[in-house]
Amino acid sequence: MHAAVLSWYAANARELPWRAPDRTPWGVLVSEIMLQQTPVVRVQPVWHEWLRRWPRPADLAAEAPGEAIRAWGRLGYPRRALRLHAAATAIVERHDGAVPATYDELIELPGIGDYTAAAVASFAFGARHPVLDTNVRRVLARAVAGTQYPPTAPTAAERRRAEELLPDEQTAPTWAVAVMELGALICTAKTPRCGTCPIATVCAWRLAGSPPDDGPPRRGQPWHGTDRQARGRLLAVLRESTDPVPKHQLDTAWPESIQRERALDALVADGLVEPLDGDLFRLPTTTAN
DNA sequence: GATCCGTGGGC
DNA sequence: TGCCCAAGGAT
């Protein structure tokens, strides 16, 4: 299975800037945060702008956190921008401005969990570490476990599987990115392209006749009318303005007042919005808390 | 462990 | 047309 996946990757890998030979660990870290729950096509232009503007962690750390939120644009989940700014600050304070190379150091940074720590250690520093993202989990669920989808949350069995499949340190990072790419391009969630899959002949799910998922139905999250939508509307107004925005202008962004106030309070509590005297609001100029 | 947290494209 | 999904993390 390894040889088939690795040769497929060598022939089919997308050319992405965070995979280029001249990439930096910082560029890899920024890409991993941006790619959390956000498709590659939307990340690319923003990534270029960030790396042009803030080529090193210290460059971002020197900015107001609100600038990170503004430059985040419409990637979604803007808390990621805030945490990336906090991570840059921590990198300057704890690591002399250099992105740390080990999983244990990386996972201590804000906004970096198991996946991102493993991915940065692996892709930026060549470490041997299981990288369990949604793509890898789906590929292993099908190819090895024989199920259409992985469990809702990563399990010990999945980790053991990923560990067992991990090749030597020389190959581990390429293996990780290759399986991810296979999941992204071929072994997709909805309509897998089994006809062009390099491991279709050994895929347990395929060999079992591609049985449908027998787990509980995966529930989609509601959107219209939610606090999340309201927060998005409010923050969009603030991103558009470099000047403080009067509250009555925010009121036009969401019609329902109770929910609007709750969302605005939550944004302030999260440190994404800074309240000023005189019913004015803006993106944060200083770190909250 | 369940919830919450944005956004937009594809089918 | 909605619904599903996209390199998760924090609480």
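Here is the naming used below: chain letters follow the sequence lines, and residue numbers restart at 1 for every chain.
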Chemist: Send over the distance from A:His224 NE2 to C:dT1 P, rounded to a whole Å.
Modeler: 13 Å

Chemist: Rounded to whole Å, how long is the line connecting atom CD of A:Glu32 with atom C1' of C:dA6?
Modeler: 13 Å

Chemist: How close or far is atom C1' of C:dG9 from atom CD of A:Glu108, stated in whole angstroms?
Modeler: 14 Å

Chemist: Going by distance alone, is a donor N or O of one side chain under 3.5 Å from an acceptor N or O of the other, for A:Gln148 and A:Ser210?
Modeler: no

Chemist: Nearest to the side chain of A:Arg19, which nucleotide is it out of C:dG9, C:dA10, C:dA7?
Modeler: C:dA7

Chemist: Assign A:Leu84 to base, sugar-phosphate, or nothing according to its heavy-atom contacts below 4.0 angstrom with the strands shown.
Modeler: nothing

Chemist: Using the C1' atom on both, measure C:dT1 against B:dG8 and round to a whole Å.
Modeler: 15 Å

Chemist: Return the value, rounded to whole Å, for the distance between atom CG of A:Asp133 and atom C1' of C:dG8.
Modeler: 10 Å

Chemist: Measure CD1/A:Ile186 against P/C:dA7 and give the value in whole Å, please.
Modeler: 14 Å

Chemist: Name the nucleic acid region contacted by A:Trp72, choosing base, sugar-phosphate or nothing; use a 4.0 angstrom heavy-atom cut-off, strictly under.
Modeler: nothing

Chemist: May I ask you to test the A:Leu234-A:Leu267 pair for a side-chain heavy-atom distance under 4.5 Å?
Modeler: yes

Chemist: Distance between the P atoms of C:dA7 and B:dT3, in whole angstroms?
Modeler: 23 Å

Chemist: Kindly indicate whether a cation-pi arrangement holds for A:Arg218 with A:Tyr149, taking the cut-offs as under 6.0 Å to the six-membered ring centre and within 45° of the axis.
Modeler: yes

Chemist: Using a 4.0 Å heavy-atom cut-off to protein, can you give one letter per nucleotide of nucleotides 1-11 of chain B, 5' to 3': B if the base is in contact, S if only the sugar-phosphate is, - if neither?
Modeler: ---BBBBB---

Chemist: Reckon A:Arg138 has a side-chain N or O less than 4.0 Å from the OP1 or OP2 of C:dA6?
Modeler: yes

Chemist: Select base, sugar-phosphate, or nothing to describe what A:Ala119 touches, counting heavy atoms under 4.0 Å on all strands.
Modeler: nothing

Chemist: Just checking A:Ala153: base, sugar-phosphate only, or nothing, at a heavy-atom cut-off of under 4.0 Å?
Modeler: nothing

Chemist: Output the single nucleotide from C:dA7, C:dC5, C:dA10 whose closest atom is nearest the side chain of A:Glu181.
Modeler: C:dA7

Chemist: Give the table of side-chain donor-acceptor pairs shorter than 3.5 Å for residues 90-104 of chain A, with sequence neighbours excluded, one pair per line with atom names and distance.
Modeler:
unit_1: A:Arg94; atom_1: NH1; unit_2: A:Glu108; atom_2: O; d: 3.3
unit_1: A:Thr102; atom_1: OG1; unit_2: A:Glu105; atom_2: N; d: 3.2
unit_1: A:Thr102; atom_1: OG1; unit_2: A:Glu105; atom_2: OE1; d: 2.8
unit_1: A:Tyr103; atom_1: OH; unit_2: A:Asp114; atom_2: OD1; d: 2.6

Chemist: Measure across A:Ala117 and A:Leu106 and return the closest heavy-atom pair with its distance rounded to 0.1 Å.
Modeler: O-CD1, 3.6 Å

Chemist: Carefully, step by step, assess A:Trp72 and A:Trp50 under the rule ring pair (Phe, Tyr, Trp, His ring centres under 6.0 Å).
Modeler: CA-CA 9 Å; A:Trp72 197 251; A:Trp50 271 58; 5.7 Å; yes

Chemist: Could you state the CD1-P distance from A:Ile33 to C:dG8, rounded to the nearest angstrom?
Modeler: 11 Å

Chemist: What is the distance, rounded to the nearest whole Å, between atom CD1 of A:Ile112 and atom C1' of C:dA7?
Modeler: 13 Å

Chemist: What is the distance from CG of A:Leu109 to P of C:dG8, rounded to the nearest Å?
Modeler: 18 Å

Chemist: Just to be sure I understand the rule, does A:Thr188 reach a base, reach only the sugar-phosphate, or reach nothing, if contact means heavy atoms closer than 4.0 Å?
Modeler: nothing

Chemist: In Å and rounded to the nearest 0.5 Å, what is the CE to CH2 distance from A:Met34 to A:Trp18?
Modeler: 9.0 Å

Chemist: Under the rule for side chain to side chain contact (heavy atoms under 4.5 Å, CB included), what residues qualify as partners of A:Gln229, not counting sequence neighbours?
Modeler: A:Trp223, A:His224, A:Thr226, A:Arg233, A:Trp254

